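Shown next, in structure tokens, is the structure this report addresses.
Here the structure is a predicted model, which is why all the values come from computation and not from measurement. Counting convention: from 1, in listed order, for ligands and their atoms alike.
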Amino acid sequence: MGPPGAGKGTQAKRLVEKFGMVHLSSGDIFRAEKASGSDLGRKLAEYMSAGELVPDGIVVEMMAKAITTADSQAGLMLDGFPRTVPQAEALDAQLAEAGKPLNGVVVITCDDQAIVARITGRRSCPRCGKVYHVEFLKPQVEGRCDDCDGVELAQRADDKEEVVRERLSAYYAQTEPVITYYRDRGEVKVVEVDGNGAPDQVTAKLVQAVAGLG
Ligand code: AMP
């Protein structure tokens with residue numbers, strides 16, 4: 001968990017490489033649905049391009065399906081879900097029914113001014129999803145993916161500054177209470193990692209935090 005731009009997507013990709021679990025990013029799943037051109041994808045795009053959260057009913061249904069169909073033997077790394085308390089309750093119910101534990105919640109913290117600079121400079125590969133930054137995490141060749149034969153990097157439609165501000169306020173209003181929800185429950189380990197440093201430093205701290213969750 002963590003605000004938009006804290007590094008969830010970048011770091012989750014690195015952590016699954018290290019630990020071997022499956023990465024399930026709600027944002028990536030929604031962007032794939034949008035790219036498919038379906039009616040559902042068009043509906044999702046309306047919320048996403050405004051920086052608003054997608055309604056819980058849609059999110060819970062799509063994520064429940066993704067969790068059920070994922071090959072979860074080595075575990076799942078959920079990124080961007082749950083983002084509201086009702087979503088967290090639905091996830092708890094699904095895991096309880098499947099007899100699967102939630103090992104922990106990792107929160108990446110980041111200052112607001114760093115967030116805006118990070119998100120507006122963020123670029124990603126439309127083919128593999130790898131995330132770069134025009135200043136802080138440059139590809140080897142400007143504007144091209146290191147891993148995908150020079151595919152041109154793109155900016156997400158919701159990474160424009162005015163949309164970022166909306167996404168930040170949605171985070172504070174609707175998603176921060178989820179951290180309190182897990183803390184209050186007491187059964188789930190909640191660890192906080194400072195995400196303000198350079199990406200490699202943050203990865204090193206996260207590897208320790210995730211290893212500690214067992
Ligand atoms: P992300 O890639 O995680 O930044 O997500 C991009 C956008 O997808 C968000 O700004 C929301 O509009 C939508 N979204 C992703 N995950 C969720 C979620 N769990 N609940 C509601 N909306 C979501």
Side-chain angles (χ1 to χ4, degrees), residues 1-16 22-36 38 40-68 70 76-95 102 105-110 112 114-126 128-133 137 153-179 181-182 195:
M1 296 191 63
K8 297 186 298 294
T10 305
Q11 298 294 348
K13 283 192 180 65
R14 294 176 177 199
L15 291 168
V16 294
V22 172
H23 178 198
L24 278 189
S25 153
S26 49
D28 285 351
I29 291 169
F30 298 166
R31 280 184 286 279
E33 186 67 43
K34 185 179 141 189
S36 79
S38 68
L40 174 60
R42 270 190 287 280
K43 204 163 171 189
L44 294 171
E46 280 174 30
Y47 297 101
M48 293 167 79
S49 58
E52 289 167 17
L53 292 187
V54 174
D56 288 335
I58 302 176
V59 175
V60 166
E61 193 183 326
M62 288 182 76
M63 293 309 291
K65 195 162 135 210
I67 290 169
T68 308
L76 296 178
M77 163 84 63
L78 299 178
D79 158 15
F81 172 82
R83 241 173 167 108
T84 65
V85 171
Q87 290 179 23
E89 288 167 346
L91 175 64
D92 278 348
Q94 185 181 0
L95 293 178
L102 180 64
V105 176
V106 181
V107 183
I108 310 181
T109 59
C110 195
D112 279 5
I115 287 172
V116 176
R118 280 183 183 191
I119 300 192
T120 51
R122 172 157 71 180
R123 301 291 181 271
S124 57
C125 172
C128 73
K130 188 166 176 181
V131 183
Y132 300 86
H133 190 280
L137 202 60
L153 301 179
Q155 184 179 38
R156 278 172 44 176
D158 58 347
D159 276 353
K160 309 259 173 346
E161 186 159 347
E162 58 286 4
V163 185
V164 172
R165 305 241 173 238
E166 278 306 316
R167 289 166 62 202
L168 262 177
S169 55
Y171 176 78
Y172 291 117
Q174 291 160 279
T175 307
E176 255 195 353
V178 180
I179 301 170
Y181 167 84
Y182 285 121

**Asked** Taking atom NZ of Lys43 as the centre, does the number of heavy atoms from other residues, nucleotides or ligands within less than 6.0 Å exceed 12?
**Response** no
**Complete:** The protein heavy atom nearest to atom 22 (N) of ligand 1 is Val54 N, 3.0 Å
**Prompt:** What protein heavy atom sits nearest atom 5 (O) of ligand 1, and how far away is it?
**Reply:** Arg83 NH2, 3.5 Å
**Message:** Taking a cutoff of less than 4.0 Å between a non-hydrogen atom of the residue and any ligand atom, is Arg156 in contact with ligand 1?
**Reply:** yes
**Item:** Heavy-atom nearest neighbour in the protein, as seen from atom 10 (O) of ligand 1, with distance rounded to 0.1 Å
**Value:** Arg167 NE, 3.7 Å
**Asked** Hey, is ligand 1 close enough to Phe81 that some N/O pair sits below 3.5 Å?
**Response** no
**Message:** Heavy-atom distances under 4.0 Å decide this one: backbone, side chain, both or neither, for Lys8 against ligand 1?
**Reply:** neither
**Asked** Do any nitrogen or oxygen atoms of Asp28 lie less than 3.5 angstrom from nitrogen or oxygen atoms of ligand 1?
**Response** no
**Request:** Please confirm whether Gly80 comes within less than 3.5 Å of ligand 1 when only nitrogen or oxygen atoms on both sides are compared.
**Result:** yes
**Prompt:** For atom 16 (N) of ligand 1, what's the nearest protein heavy atom and its distance?
**Reply:** Ser26 OG, 2.7 Å
**Partner of Leu91 by side chain to side chain contact (heavy atoms under 4.5 Å, CB included), out of Leu78, Val60, Val178** = Leu78
**Message:** Contact between ligand 1 and Met63 is defined here as a heavy atom of the residue under 4.0 Å from a ligand atom; is it met?
**Reply:** no
**Minimum-distance pair of heavy atoms, taken over all atoms of Lys13 and Cys128** = CE-O, 4.3 Å
